[in-house]
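This chain uses plain numbering: 1 for the first residue, then up along the sequence.
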Amino acid sequence: MIWIRNAHVIDPTDKTEKNVDICISDGKITAIGEHLEFTVAREDVVIDASGYVVAPGLMDVHVHFRDPGLTYKEDIQTGARAAAKGGFTTVVCMANTKPPIDNVETLKYVLKEGEKTGIRVLSAATVSKGLMGAELTDMEALKANGAAGFTDDGIPLLNETLVKDAMEMAAKLNLPLSFHEEDPAFIVNNGINHGSVSEQLGIYGSPALAEDSLVARDLMIALHTKAPVNIQHISSKSSVKAVKFAKELGAEVYAEVTPHHFSLTEEAVLKHGTLAKMNPPLRTEEDRQALIQGLKDGSIDIIATDHAPHSTEEKAKGLKEAPSGIIGLETALSLGVTNLVRPGHLTMMELMEKMSLNPSKLYRIPFSGIQMDGPADLVIFDPDETWTVGEYVSKSVNSPFTGESLYGRVKYTICKGKIVYQDEKD
């Protein structure tokens with residue numbers, strides 16, 4: 001058994017905050033209440049959570065574990081360890097592996113490997129065969145074999161007919177489609193915003209138009225097909241407004257934002273170089289403020305990391321040649337606490353909604369929060385403790401936040417009733 005004393009529970013399922021004790025046994029919460037009487041056996045674990053927040057385990061609906069095919073960057077085991085260290089008990093892997101997850105065999109491999117980890121590893125399958133954007137995968141068969149949703153993340157879908165067909169099937173299957181929205185017709189050098197910084201660097205970059213145009217298209221197709229659609233890693237102020245408008249019209253649309261997009265601007269490229277290169281790029285301070293406002297007013301539903309590991313050698317290439325993307329699982333919660341909660345943009349309850357409850361809604365994942373007989377998936381963290389970013393358990397270290405001091409340190413992550421991460425300082 002695990003006994004958690006003096007837990008300050010923040011549960012977004014019923015929007016309650018309470019101070020209770022919790023007992024965990026056989027993977028479930030078996031007792032919860034004030035001043036529980038403890039009979040502790042020698043093999044039991046007792047956690048004094050005084051001063052900590054206890055919340056449902058976090059869910060990240062956008063991670064790249066690079067397995068199969070690119071495991072020198074990350075694999076399912078190391079990715080899961082990074083997730084656990086960051087407080088995540090459930091992740092959804094993206095499908096742009098090598099080979100891509102466009103068939104049942106590869107999907108089963110990922111899910112089987114995920115079962116060997118301590119957390120819940122789900123996976124999306126691709127929308128199109130071979131990520132070619134020309135022919136739909138067998139979405140029905142992929143769902144039947146465990147696909148959590150569908151995405152060609154990393155590659156935009158440019159065939160409008162294919163998009164419409166995919167949305168109609170997604171509506172039938174009641175599974176989400178997640179879209180990477182960047183039209184290459186408007187991009188010269190991806191990963192860097194087209195603006196004042198790109199001009200200083202002599203690089204054209206990627207304008208917000210590339211994102212805005214595809215977002216607008218897909219929101220309207222979603223409205224007419226009634227498909228559940230997720231706009232991935234939103235970065236533009238105009239796209240945030242478009243999502244809000246589509247919601248008002250009645251579309252079942254979600255939007256996710258990464259911690260790096262609400263924390264940094266294009267100026268970070270001047271300081272961090274390729275470690276601040278990602279798709280879509282970091283944009284202006286005006287865009288960053290619009291993302292924060294979108295989180296506040298509900299236009300943006302989800303915080304997702306887009307955890308994208310790359311080797312040190314790859315990121316050491318020139319700004320035009322280096323791959324886009326950064327790791328994010330080990331810093332996401334702390335960036336939310338530091339840059340959203342402490343400045344007063346979101347309450348801690350609202351942050352937990354964006355990082356657990358709302359992701360579960362998008363991917364149709366059963367979610368009971370912290371309740372009697374519910375699954376014991378929990379994160380325990382100190383919102384006031386500062387720590388210095390580094391010493392990653394991910395295989396890769398490509399992050400612009402290395403060396404930064406952040407608030408919010410994960411103390412324990414519990415999944416399926418077992419401690420899968422414990423802070424060595426606790």
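- Side-chain contact between M348 and V337: present, with at least one pair of heavy atoms (C-beta onward) separated by less than 4.5 Å.
- When atom types are taken as modelled, the side chain of H261 and the backbone of P280 share a donor-acceptor pair closer than 3.5 angstrom.
- No side-chain donor-acceptor contact under 3.5 Å links D152 to the backbone of L131.
- Within 6.0 Å of CD on E43 lie more than 12 heavy atoms contributed by other residues, nucleotides or ligands.
- Shown here is K244, whose NZ atom has no more than 12 heavy atoms of other residues, nucleotides or ligands within 6.0 Å.
- Panel note: side chain K226, backbone A171; no donor-acceptor pair is recorded below 3.5 Å.
- Salt bridge K354/E350: absent, no basic N to carboxylate O contact under 4.0 Å.
- Applying the ring-ring contact (aromatic ring centres under 6.0 Å, His included) test between H233 and each of H180, H260, H64 identifies H180 as the sole match.
- By the 6.0 Å contact criterion, CZ on F186 is enclosed, its count of non-hydrogen atoms from other residues, nucleotides or ligands being greater than 12.
- For S396 (side chain) and K73 (main-chain N/O), a donor-acceptor pair under 3.5 Å exists by modelled atom type.
- No side-chain heavy atom of F179 sits less than 4.5 Å from a side-chain heavy atom of P156.
- Contact of the Q371 side chain with the D14 side chain is registered, since non-hydrogen atoms from C-beta on lie closer than 4.5 Å.
- Here the CG-CE distance, from L122 to M59, works out to 8.5 Å after rounding to the nearest 0.5 Å.
- Residues I47 and R5 are not in side-chain contact: their nearest non-hydrogen atoms beyond the backbone lie 4.5 Å or more apart.
- Between R217 and D183, no side-chain nitrogen of the basic residue sits less than 4.0 Å from a carboxylate oxygen of the acidic one, so the salt-bridge criterion is not met.
- Of the residues R81, K395, R66, K116, the one that meets the salt bridge (Lys or Arg N to Asp or Glu O under 4.0 Å) test with D75 is K395.
- With respect to E252, the salt bridge (Lys or Arg N to Asp or Glu O under 4.0 Å) criterion is satisfied by exactly one of R364, K361, K247: R364.
- Under a 4.0 Å N-O distance rule, the pair E267/R283 does not qualify as a salt bridge.
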Given S178 and F150, is the side chain to side chain contact (heavy atoms under 4.5 Å, CB included) satisfied, shown in steps? CA-CA 6 Å; S178 294; F150 303 93; over 6 Å; no
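- Inter-residue side-chain proximity for Y392 and S399 is flagged as met; some heavy-atom pair is nearer than 4.5 Å.
- Taking 4.5 Å as the limit, some side-chain heavy atom of V9 sits within range of a side-chain heavy atom of I22.
- Atom NZ of K241 sits in a sparse spot, with 12 or fewer heavy atoms from other residues, nucleotides or ligands closer than 6.0 Å.
- Annotation: cation-pi pair R342/Y407 present, NZ/CZ under 6.0 Å from the ring centroid and within 45° of its normal.
- Between the side chain of N189 and the backbone N or O of K320 there is no donor-acceptor pair closer than 3.5 Å.
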For D306 and T258, run side-chain hydrogen bond (donor to acceptor under 3.5 Å, both in side chains): C-alpha distance rounded to whole Å, both residues' side-chain angles, the deciding distance at 0.1 Å, then the answer. CA-CA 7 Å; D306 190 12; T258 71; over 6 Å; no
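- Checking side-chain atoms of T274 against main-chain N and O of K315 turns up a donor-acceptor pair under 3.5 Å.
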Working for side-chain hydrogen bond (donor to acceptor under 3.5 Å, both in side chains), residues R288 and T265: CA-CA 7 Å; R288 190 181 78 87; T265 70; over 6 Å; no
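- More than 12 heavy atoms of other shown residues, nucleotides or ligands fall within 6.0 angstrom of atom CD in E248.
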Applying side chain to side chain contact (heavy atoms under 4.5 Å, CB included), run through L282 and N193 and close with a yes or a no. CA-CA 6 Å; L282 301 170; N193 183 52; over 6 Å; no
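- No hydrogens or angles considered: nothing links the side chains of Y421 and T89 as a donor-acceptor pair under 3.5 Å.
- Counting only heavy atoms from C-beta outward, the side chains of E353 and M355 never approach each other to under 4.5 Å.
- Rounded to the nearest 0.5 Å, atoms SG (C23) and CD1 (I29) are 10.0 Å apart.
- In this structure, the ring of H307 has its center no less than 6.0 angstrom from the ring center of H62.
- The shortest distance between side-chain heavy atoms of L340 and L351 falls below 4.5 Å.
- Here CD of E285 is found 12.0 Å from NZ of K237. Values are rounded to the nearest 0.5 Å.
- Side chain to side chain, Y52 and E385 fail the donor-acceptor criterion of an N or O pair below 3.5 Å.
- K296 NZ: more than 12 foreign heavy atoms inside a 6.0 Å radius.
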